[in-house]
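The analysis underlying the following values was restricted to heavy atoms, covering all of them including side chains, and did not include hydrogens, waters or symmetry mates. These numbers were taken from a predicted model, which means no experiment stands behind them.
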Amino acid sequence: MSQDKKAAPAVSFTADELKIINNALNEVCHGVAFSDDELATGLGYTRVQVEAVLAKVSRALKGK
């Protein structure tokens, strides 16, 4: 999610690992009551950026 547009390293996850990542990101974005500032401070990325990663992981789980 950084501004650097270099190729990302290839990483593979099992379906269960993707579910863990999906559930954790979902909890951070929509479950635990973090303000936008707290989330950005803790993760180093904005809520919008984290939600974009969540959407990407969710699509991967759905095979799209």
Side-chain angles (χ1 to χ4, degrees):
M1 295 303 308
S2 72
Q3 300 301 333
D4 189 355
K5 299 295 182 184
K6 293 180 184 175
V11 179
S12 62
F13 295 102
T14 67
D16 284 340
E17 290 168 336
L18 278 177
K19 287 176 190 174
I20 291 168
I21 294 167
N22 185 80
N23 292 349
L25 290 173
N26 187 62
E27 190 66 24
V28 167
C29 289
H30 306 292
V32 179
F34 290 119
S35 71
D36 288 348
D37 288 340
E38 289 173 319
L39 188 140
T41 298
L43 297 179
Y45 295 94
T46 67
R47 185 177 304 274
V48 170
Q49 290 172 307
V50 177
E51 287 175 338
V53 174
L54 172 59
K56 191 173 183 179
V57 171
S58 185
R59 282 193 305 273
L61 280 169
K62 294 175 183 174
K64 297 181 180 180

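Under the 4.5 Å side-chain heavy-atom criterion for Ile, Leu, Val, Met, Phe, Trp and Tyr, I20 and L43 are members of distinct hydrophobic clusters. Under a hydrophobic-cluster definition in which Ile, Leu, Val, Met, Phe, Trp and Tyr are linked whenever side-chain heavy atoms come within less than 4.5 Å, directly or via other members, V53 and V11 are assigned to the same cluster.
Judged as a side-chain contact (heavy atoms from CB on, under 4.5 Å), and not counting sequence neighbours, T41 has no contacts. For the side chain to side chain donor-acceptor pair (under 3.5 Å) test, no residue two or more places apart in sequence or in another chain qualifies with S58. A search for side-chain contact (heavy atoms from CB on, under 4.5 Å) contacts involving T14 returns D16, E17, not counting sequence neighbours. Under the salt bridge (Lys or Arg N to Asp or Glu O under 4.0 Å) criterion, D36 pairs with R47, not counting sequence neighbours.
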Donor-acceptor list for residues 21-34 side chains, cut-off 3.5 Å, not counting sequence neighbours:
unit_1	atom_1	unit_2	atom_2	d
N23	ND2	K19	O	3.4

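Here the CG atom belonging to L18 is positioned 12.5 Å from the CZ atom belonging to R59, to the nearest 0.5 angstrom.
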